[in-house]
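Accompanying notes for the structure given below.
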2 protein chains.
Amino acid sequence: MLTDERFALILDCVKHQDIVKIQELVERTGASESTIRRDLTELENKKFIKRVHGGARLLKGKLQEASVPEKSSKSLHEKKKIAQFAASKVEKGDCIFIDAGTTTQQMIGYLPHTEIVVVTNGLMHVEELLERGIKTYLIGGAVKPRTNAMVGRGALESMKAYRFDKAFMGTNGVHPEFGYTTPDPEEAQVKELAISLTREVFMLADDSKIGEIAFASFGKIQDAFLIVNELEEETVSVYQKLTTVKVVGS
Amino acid sequence: MLTDERFALILDCVKHQDIVKIQELVERTGASESTIRRDLTELENKKFIKRVHGGARLLKGKLQEASVPEKSSKSLHEKKKIAQFAASKVEKGDCIFIDAGTTTQQMIGYLPHTEIVVVTNGLMHVEELLERGIKTYLIGGAVKPRTNAMVGRGALESMKAYRFDKAFMGTNGVHPEFGYTTPDPEEAQVKELAISLTREVFMLADDSKIGEIAFASFGKIQDAFLIVNELEEETVSVYQKLTTVKVVGS
DNA sequence: TCAAAAACGATCAAAAACATTCAAATATGT
DNA sequence: ACATATTTGAATGTTTTTGATCGTTTTTGA
């Protein structure tokens, strides 16, 4: 049996059974255990399957990616500083938009008032907002599995019914020329619309995002008040020519 | 049996039975008690289940927990029977609406296909739907704190963009004359609109709702296929004059 | 309340699965 | 045909998983 034949057979097994034992593969291919192991190792490197003790498993978010409670505590602390400053900008009676994402989520705990109205596209924010007794609106649309953000036509339509005093946005890239960028074009659409509906936009970005460019752009640097945790003097001045910048320090 | 196979089996048991004994798992997996204990410990650490003396329990997300104060396991079992039958009505390729509520939530675990599109107004449903890899749309609007249901103008507007093959609704009252009723007028609006956008409506009601009348009406008996857990012969015939009734028995 | 029964966590040795190495078999290129 | 590269399977020692045991804690029922 050829190598590629074995590969096909293995992938077929995994696809149909979700999980397959090495012994079963040995039996079905007639190859030795060593060979199967080598095959599995290679298929794992090529990101086709996930090896587990005793066999291999389908590589999918089915059971694996469900829980994401892990955070690097360093970057979390940075995010908290940024979030805290951003939250201080919220005034009683404001109608604000809070973008989906982990940095913006941190804001919720620091919000200085509960007499505000919050609109968000981040499913994960809702629980904490309600817990604090804040009037919460969620925009509609398709739910993006990995990030639990609302995207798509429904999200855009649904958001057009609102106007915001302030918006707090996350971003994956901040660049003087290319502006604010994010990897997902659908999320970019939502962000772009949110910005256009808002009087005063705040962009929350930790230092790892500065100078980066992701795939989809959703705004120019001057569209938002930029909040970062740390930044060299010279870099700050570049951005300060374009917009207001606040370095919260770490 | 591989570790991951056991994990899948355990999670499956917990999801369908809410609670599972160690002995049952030993029996079903063929593994030793020690191994099952280790598995449960690990699954608890990964936040998939909650260990209890003698077994393990479903770990509900806080969003779900909030709205489900405490349910007698009897009525939960009834709900499951109803949900199971309702789920069997879903066919591959369907676009369905699933109403907010605990009974409809039970359906998700029993859905026979994942090649469907689900629209819901129930925030608590989203997590489980995505976990099963189902394409999920959430309608927009205000989030109702106690039930985590989407209501209000935004919800209505946002739903109008969809049409459904089937809808699965919960209700607080079922009455021959007054039809289906619920205490909250805002939720009633949403339900009413959902029904009007759907070809085939299923109403899920346990026996405690039969003959009851709540404040706000959202449909006549004949608007939906009625699914109940148990019902006296004579009562059944009353409703059967008006619509199709399925008694799933307990 | 108390004692028996059940469930528990910790420990340890056996078993299974593992990566690595090496030589034989096979394929490839000149 | 020859030398070289690749693939294969067996043998090696190592790591992970497993099931049994034991003393402790929790639950149960009188």
Side-chain angles (χ1 to χ4, degrees), chain A residues 1-70, chain B residues 1-60 65 69-77:
Chain A
M1 177 169 274
L2 254 42
T3 307
D4 279 0
E5 283 183 274
R6 284 199 314 274
F7 281 8
L9 192 147
I10 292 170
L11 289 176
D12 204 55
C13 279
V14 172
K15 187 153 287 179
H16 283 85
Q17 304 172 225
D18 260 23
I19 194 163
V20 63
K21 295 189 234 317
I22 284 195
Q23 279 315 316
E24 183 182 342
L25 292 174
V26 168
E27 203 173 284
R28 292 173 76 145
T29 58
S32 76
E33 208 176 286
S34 299
T35 302
I36 298 297
R37 283 184 200 293
R38 269 188 285 260
D39 289 351
L40 293 187
T41 307
E42 188 171 344
L43 286 174
E44 179 173 46
N45 289 337
K46 289 184 181 166
K47 301 290 158 68
F48 284 108
I49 56 170
K50 163 78 178 168
R51 283 196 70 177
V52 295
H53 201 88
R57 214 189 47 199
L58 193 59
L59 183 66
K60 270 220 165 173
K62 242 193 161 183
L63 189 144
Q64 196 188 12
E65 311 287 346
S67 72
V68 196
E70 306 262 342
Chain B
M1 175 167 274
L2 257 41
T3 307
D4 276 26
E5 283 183 278
R6 285 199 314 273
F7 282 8
L9 192 148
I10 292 170
L11 290 177
D12 204 56
C13 279
V14 171
K15 188 151 286 180
H16 282 80
Q17 304 171 221
D18 260 19
I19 194 159
V20 62
K21 292 189 244 309
I22 284 195
Q23 278 315 316
E24 182 182 343
L25 293 175
V26 168
E27 201 173 285
R28 292 174 75 144
T29 58
S32 76
E33 207 177 289
S34 298
T35 302
I36 298 297
R37 284 184 200 292
R38 269 187 287 259
D39 289 351
L40 294 186
T41 306
E42 188 170 344
L43 286 173
E44 179 173 45
N45 288 337
K46 288 185 182 164
K47 303 289 162 65
F48 284 108
I49 58 170
K50 163 75 179 169
R51 284 196 70 178
V52 293
H53 200 87
R57 218 188 44 199
L58 189 61
L59 180 72
K60 293 170 199 137
E65 214 165 14
E70 200 60 46
K71 292 288 169 188
S72 89
S73 69
K74 163 146 193 331
S75 95
L76 183 64
H77 182 249

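The analysis underlying the following values was restricted to heavy atoms, covering all of them including side chains, and did not include hydrogens, waters or symmetry mates. Just so it is clear, the structure is predicted and the values come from calculations on it, not from any experiment.
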Distance, rounded to the nearest Å, where B:E42 contributes CD and D:dT18 contributes P: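 About 10 Å, once rounded to whole Å.
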
Base-contact (B) and sugar-phosphate-only (S) positions in nucleotides 24-30 of chain D, heavy-atom cut-off under 4.0 Å, - elsewhere: --SS---

B:T35 side-chain N/O to D:dT18 phosphate OP1/OP2 under 4.0 Å: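 So the side-chain polar atoms of B:T35 never come under 4.0 Å of the phosphate oxygens OP1 or OP2 of D:dT18.
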
side-chain N/O B:S34 vs D:dG19 OP1/OP2, d < 4.0 Å: no

N-O pairing of B:E33 and B:R37 below 4.0 Å: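 B:R37 and B:E33: salt-bridged.
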
Candidates A:T3, A:L9, A:D4, A:L2 - the one meeting side chain to side chain contact (heavy atoms under 4.5 Å, CB included) with A:R6: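 Checked A:T3, A:L9, A:D4, A:L2 against A:R6; only one passes side chain to side chain contact (heavy atoms under 4.5 Å, CB included): A:T3.
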
For B:L58 against B:K15, the heavy-atom pair lying closest together: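 Looking at all heavy atoms of both residues, the closest pair is CD1-CA, 4.2 Å.
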
Closest-nucleotide ordering on DNA chain C, the 5'-leading residue of A:R38 and A:I22: A:I22

Axis deviation across the helix from C:dT1-D:dA30 to C:dT30-D:dA1, five-pair ends, to the nearest 10°: 50°

Heavy-atom contact window of chain B on DNA chain C, given 5' to 3' at under 4.0 Å: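 Taking any atom under 4.0 Å from a heavy atom of chain B, the span is C:dA7 to C:dG9.
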
Euclidean distance, B:E42 CD relative to B:R38 CZ, rounded to 0.5 Å: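 Answer for the CZ-CD pair, B:R38 versus B:E42, is 10.5 Å.
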
Interatomic spacing from NZ in B:K21 to CD in B:E27 - rounded to 0.5 Å: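 Going from NZ on B:K21 over to CD on B:E27, the span is 11.0 Å.
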
B:K50 atom NZ, neighbour heavy-atom count above 12 within 6.0 Å: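 Open.
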
CD (B:E24) with more than 12 external heavy atoms under 6.0 Å: yes

Steps toward side-chain contact (heavy atoms from CB on, under 4.5 Å) verdict (A:L40, A:L25): CA-CA 10 Å; A:L40 293 187; A:L25 292 174; 4.1 Å; yes

Any donor-acceptor N/O pair under 3.5 Å between D:dG9 base and A:R37 side chain: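 Counting by modelled atom types and ignoring angles, no donor-acceptor contact under 3.5 Å is found here.
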
